[in-house]
Amino acid sequence: MAKLLSCVLGPRLYRVHRPRPPGPAPGSGGGGGTERGEPAWDSYYQPRGLEKHTDSVLALASVLWSISYYASPLAVLYLYRKGLLTMSRVVPLSHCAATLGLLLAGVACLRGLGRWSNPQYLEFMAALEESHRSGSAESKRKLGLYTFDFRSWPVDFRWDSAGPAWGGSRAVPLLQTPPRPRGGSRGLLGALRKLPCALARWLLAHTLGRRMLFPGSVRLLQRALLPALLQGQARLIEQFGGQRVKLLACDGNEIDAMVIDRRGRGDPRGDTLVICCEGNAGFYEVGCVSTPLEAGYSVLGWNHPGFGGSTGVPLPQSEANAMDVVVRFALQQLRFAPPSIVVYAWSIGGFTATWAAMSYPELGGLVLDASFDDLVPLALKVLPRSWRELVTQTVREHLNLNNAEQLCRYQGPVLLVRRTKDEIITTTTPDDIASNRGNDLLLKLLQHRYPKVVAEEGLRAVREWLEAATPEEQSSVLRRCAPDERWCRERLRGWAGDRSPPFPWGLGEDLSPAQRQQLALYLVSGGVAGVGAGWAWPVGVVWTRWACPRLTTPPPLPQAQQHLQNFEASHCTPLPPQAFRLPWAL
């Protein structure tokens with residue numbers, strides 16, 4: 001009876017990852033391995049008839065519940081206008097809802113009976129119970145061979161495993177924007193006058209705002225993407241030896257993460273861990289994790305709160321809490337040295353990446369792909385102009401993604417990847433590269449680090465180079481200012497010396513305006529030797545084994561730049577592994 005009850009209440013099982021024994025696969029004429037000589041896998045869980053049909057009924061009920069949840073405000077308004085929200089009408093509806101709930105409970109019991117008759121599911125439940133009971137490495141290894149509802153996965157690492165670093169609080173510190181001085185009366189009467197506007201801002205942020213900012217947290221979208229997510233997770237586990245882990249953040253949220261540790265495999269790149277921060281509709285199963293992974297690095301990917309198996313809702317505070325436990329896991333459990341950890345972020349992931357760099361300044365580097373400086377200009381782009389004041393205050397109070405402010409608190413090496421046809425973080429049109437907010441992120445960083453160099457003449461030269469719409473225009477700016485790479489490098493190294501002073505630097509006080517222009521352009525372009533090198537090859541000719549099977553080697557890489565690398569693509573185009581590199585350092 002106890003086994004039957006555990007099957008009724010147990011999680012849904014999706015896949016079983018087991019190496020297929022040698023020999024021809026069923027229904028195929030080939031061997032059991034792949035073309036690379038890797039072991040083939042049996043990855044599909046086969047539910048029996050009763051479990052399969054009852055699962056379909058419960059999945060349909062879950063989808064209908066999600067639809068009714070999002071449509072509930074309109075439904076309540078409609079019922080109110082029709083006069084149906086009366087006691088005489090509500091009581092029969094509640095009886096119908098209770099009856100439907102009992103029917104679904106019966107369907108769940110039938111599903112448990114179907115699971116109980118399936119030896120594969122019973123074997124999975126034994127592995128799950130053993131992992132919860134003992135927590136040993138062997139039991140977790142066995143559990144890692146299954147993909148199932150992540151809510152039942154045991155916690156692998158807690159944020160306070162090595163002692164709380166933030167005074168035991170339930171939230172990590174964030175940079176707070178100082179409130180603007182406002183007129184009006186103070187005291188209770190003033191607070192009551194401001195209450196309706198504050199309530200409107202809170203509602204806007206936690207309803208429409210949060211879902212527009214993080215569409216990947218919408219459950220209907222996640223259900224539509226479930227097959228692709230399962231396939232991507234199977235690829236990480238089977239092809240790359242990934243290990244799924246559950247991390248408990250300081251606010252109680254459970255974070256779904258995947259680690260691929262490549263240390264000790266002969267490739268020095270495997271000794272560097274790349275922590276990947278996904279975009280607002282990205283998941284580690286199908287997101288930017290693939291770029292450093294295929295480039296040969298060790299990788300730690302994680303899902304935002306409310307994404308995939310992670311719990312909670314994605315807001316700035318919960319995002320920072322999640323990033324905190326991810327970094328702690330890399331340092332304390334995986335035991336990577338801080339200089340060997342690089343944080344790689346795509347799009348909105350730049351917020352958590354810059355927070356990690358600010359809070360853990362000993363990390364080895366930061367790569368920001370298609371990221372922006374501040375959310376306010378992008379929010380004003382998509383919402384009505386008449387909402388300008390409301391949107392600005394709402395973002396500042398509840399959705400403040402102040403990437404540039406956090407980035408300037410970091411002293412380590414930084415690389416920005418700018419998409420030249422970005423349709424998301426430009427404030428006008430995708431072809432208007434001058435309105436790309438990545439430009440503002442870079443300028444704020446350089447102005448903070450080199451205030452004497454990136455000012456007046458240097459600032460004008462950098463802006464002209466950033467706003468150039470074609471490689472030819474960028475090359476023209478470089479040739480006119482003629483930054484000499486050797487001279488610029490010697491200047492920077494001579495200033496830094498062995499003392500490595502913290503930013504901002506006073507470098508540039510003794511330079512002429514022309515020399516400041518040269519040094520400022522060198523910081524973004526890499527000098528005359530890098531003319532035209534900042535534009536990666538077009539997406540259509542990116543080398544892949546699948547698209548160009550005749551090619552045996554990829555085309556030559558563009559010469560590396562210092563703080564900025566252009567990529568000729570739109571916002572959602574994956575960065576090819578050949579274009580991924582670590583940040584430049586003196």
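The chain is numbered in sequence order, starting from 1.
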Shortest non-hydrogen separation from L331 to P338 and the atoms involved: CD2-CG, 3.8 Å
Where the side chain of Q222 meets the backbone of G306, is there a donor-acceptor pair that is under 3.5 Å apart? yes
Using side-chain heavy atoms (C-beta onward) and a distance below 4.5 Å, is M323 in contact with C277? yes
For L575 and A579, work out which heavy atoms get closest and say how close. CD1-CB, 3.9 Å
By ring pair (Phe, Tyr, Trp, His ring centres under 6.0 Å), which residues pair with Y410, not counting sequence neighbours? none
S310 side chain to D256 backbone, donor-acceptor under 3.5 Å: yes
Short side-chain donor-acceptor distance under 3.5 Å, S161 and Q332: no
With a 4.5 Å cut-off on side-chain heavy atoms, are V299 and V289 touching? yes
Residue pair H563 / R449, side-chain heavy-atom distance below 4.5 Å: yes
Evaluate the ring planes of W505 and Y450, with Trp represented by its six-membered ring, and classify them as parallel (under 30°), tilted (30 to 60°) or perpendicular (over 60°). perpendicular
Backbone N or O of G508 within a donor-acceptor pair of the R516 side chain at under 3.5 Å? yes
Hey, could you give me each pair passing ring pair (Phe, Tyr, Trp, His ring centres under 6.0 Å) that has a residue in residues 303-327? Not counting sequence neighbours. F214-H304, F283-F307, W302-H304, H304-F307
Tell me, yes or no, whether the heavy-atom count around K421 atom NZ, taken from other residues, nucleotides or ligands under 6.0 Å, exceeds 12. no
How far does CG of L459 sit from CD of E464, to the nearest 0.5 angstrom? 11.5 Å
Apply the test side chain to side chain contact (heavy atoms under 4.5 Å, CB included) to residues F372 and I348: give CA-CA distance (whole Å), side-chain angles for both, the deciding distance (0.1 Å), then the verdict. CA-CA 8 Å; F372 53 88; I348 208 170; 4.2 Å; yes
Test item: T291 and W346 side chains (from C-beta on) under 4.5 Å apart, heavy atoms: no
Any idea which heavy atoms bring N321 and A171 closest together, and the distance? OD1-CA, 3.6 Å
Is the closest side-chain heavy-atom distance between V107 and L58 below 4.5 Å? yes
Donor-acceptor contact below 3.5 Å, side chain R419 vs main chain S570: yes
Contact summary for S371 and S347, nearest pair of heavy atoms: OG-O, 3.2 Å
Please tell me if the side chains of P583 and V414 come closer than 4.5 Å, counting only heavy atoms from C-beta onward. no
Thinking salt bridges, do D324 and R328 make one under a 4.0 Å N-O criterion? yes
Closest non-hydrogen contact found for L441 with A404 is CD1-CA, 3.7 Å
Counting only N and O atoms by type, is there a donor-acceptor contact under 3.5 Å from the side chain of Q411 to the main-chain atoms of F503? yes
On the 0 to 90° scale, with breaks at 30° and 60°, tag the Y344-F580 ring pair as parallel, tilted or perpendicular. perpendicular
How about T354 and L368: do any of their side-chain heavy atoms sit closer than 4.5 Å? yes
